[in-house]
Chemist: 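Got a structure here, written out as C-alpha cells. Questions coming.
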Amino acid sequence: MDVRSLKEKLLADYEGALDLDGVNGGRLAERLAVLSEIGRTEDGGVNRPGFSMEEKRAKQQVMEWMTEAGFEVRQDGAGNVIGRLAGKTEGAAFAAGSHVDSVPNGGNFDGPLGVLTALEVAEAWKETGFVPPVPYEVLVFSEEEGSRFGAGILGSQAMTGDLDREVVESLTDKEGRSFAEVIEAVGSSAESFFKAARDLDEIGFYAEVHIEQGKLLEEADRPAGIVKGIAGPAWLDVVFRGSAGHAGNTPMAGRRDPLVAAGRFVSEVSSLPAAFSETAVATVGRLNVSPNGTNVIPEQVELTVDIRDLDKASRDGLVDKVRETAQRCAAERGVNVDLRLASSIDPVPVSEVVRAELREVFGELDLEVMELMSGAGHDAMILGRHVPMAMIFVQSKGGVSHNPAEWSDLTDCLHGVHLLKKFAERQMEKMAGE
Ligand SMILES: [Zn+2]
C-alpha cells in the first residue's frame, strides 16, 4: 500500500458532502496517508513506538503543517508538541490533540485522527478568515500507547506534572535500555522530561477526537458519539496457592488444587459487574499456572483481574466484591489466596454541562446523539483531571483497533472535524467572555 492508496481508499466513497466551512476532506485524507508512511509495516499498519525515530518524524511532519497553518510551534522537555494559534484575546487556550505513537504494527487512525482533526479545524478557520476569540492549541503527546515501557500516557502526564519520577526512572524497555537511555536517543533527557510540567492555567479546555475502538457506534449506525467518561482501570493481582501432587497418585478427596479454585473464581467474576452498573466490566485475561504440567496438580495459579467503571464508587465496590469472591473460592477449596491491588486509576467523567453542550452541537449538525463510555485510557483522561474536558468518538469499522485493519470512513472522520470545530467555537466564545 503506498501513500496514494490509503488516500485513494479514504476518498473512494467520499463525494465531498462535508467540504463545508473551510473543512477539506482531501487534505485530511492526504495527511492521514502521509503519517501512515512513517513507520509503515508490510501489512499497511505502522510501527511508531513512543520515543522512537518514527514517532519523532511523525511529530516533525505535524510541526511543519502547524507552522504552515500559522501556529507558533514548540516542543516541551517531554517531546510533547505544542502548537499555539493566536486568538483575538490572550489568556487560556482551547486545546485539542492526541498522539502519533502506535502499538507494534498498529493502525492508521488511533492517535493521528485526533491530531489531524484538531489541525483541520485550524485550517478551516484559516480558509474562512475566522480568528479564534481565544488562543487555540493543537497538542501532540509523546508515548501514549505504552508500547515502549509497558507504561503509557507518559507525555500527557509529564505535561500535567502527574508523573512519579522514581517509577518512570526505573522503567526499562524490552532491550533492557533504561528510560534515560531511550529518551536521550531521541535527543531529549530525563532531566528535561521532568521539567515539562506546564502551568495548567494556560489551558482552559481540552478536547480530543479519537476512534471508538469498539462497535457500538457502528451497530447504532452513528458516525460519531459523545464520550460520557473514561473508565479507570483497577488491576487486582490474585495468587491461589495449594499443594502440588501427582495427578495419578493423589486421591481426589483432600486435594488442595488452586486451579480448581481459580476456575470457579474466573467464572464467577464474569457475573459480578452486572450488579454494580451498566458500564462496569471485569476481565481475567492473564493466568499463569505452575508448574503447568499435564500430570501435575498445580501448586500455584497467578492471575490479574482488570476492573473498570465510569463511577469510582461503583468501580471500587466491584473491586471489593471481587476480593470477597476470591477469598470464598479459595476457602471452599482449602487453598490460600493473596490479593494485591497492583494499580488503580481513577475514572474521569465528562461533566454534564459539557455533555449537554456537545448534544446541542450534534443537534446543530443534524447528527443523532449517542453517548458512550471509553473503556480505554487516553490523554484526555490525564488532562481531564486538571481542566474541563470533552471527548468525541468516531465510528471504527468492526471495532478493530491496534491492528493494520483499523478503519474509519472519511465521512465519519469529517463529522469529527465539524463537531470539534463547532464545539471549539462555542467554547472559545464562552472562554473569551469570562
Ligand atoms: Zn489512542
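We count ligands from 1, going down the list as the structure has it; atoms in each ligand are counted the same way.
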Chemist: Taking N, O or S atoms only and a limit of 2.8 Å, check whether E144 reaches the Zn ion (ligand 1).
Modeler: no
Chemist: Quick check for you: with the Zn ion (ligand 1) as the vertex, what angle do NE2 of H210 and OD1 of D110 span, to 10°?
Modeler: 90°
Chemist: Using 30° and 60° as the class limits, which term best fits the ring planes of F109 and W407: parallel, tilted or perpendicular?
Modeler: perpendicular
Chemist: Are E145 and H402 linked by a side-chain donor-acceptor pair shorter than 3.5 Å?
Modeler: yes
Chemist: Looking at the rings of F205 and F423, which for Trp means the six-membered one, are their centres under 6.0 Å apart?
Modeler: yes
Chemist: With carbon and hydrogen excluded and only N/O/S kept, which atom of H99 is nearest the Zn ion (ligand 1)?
Modeler: NE2
Chemist: Within a radius of less than 6.0 Å around CG of D221, do more than 12 heavy atoms belonging to other residues, nucleotides or ligands occur?
Modeler: no
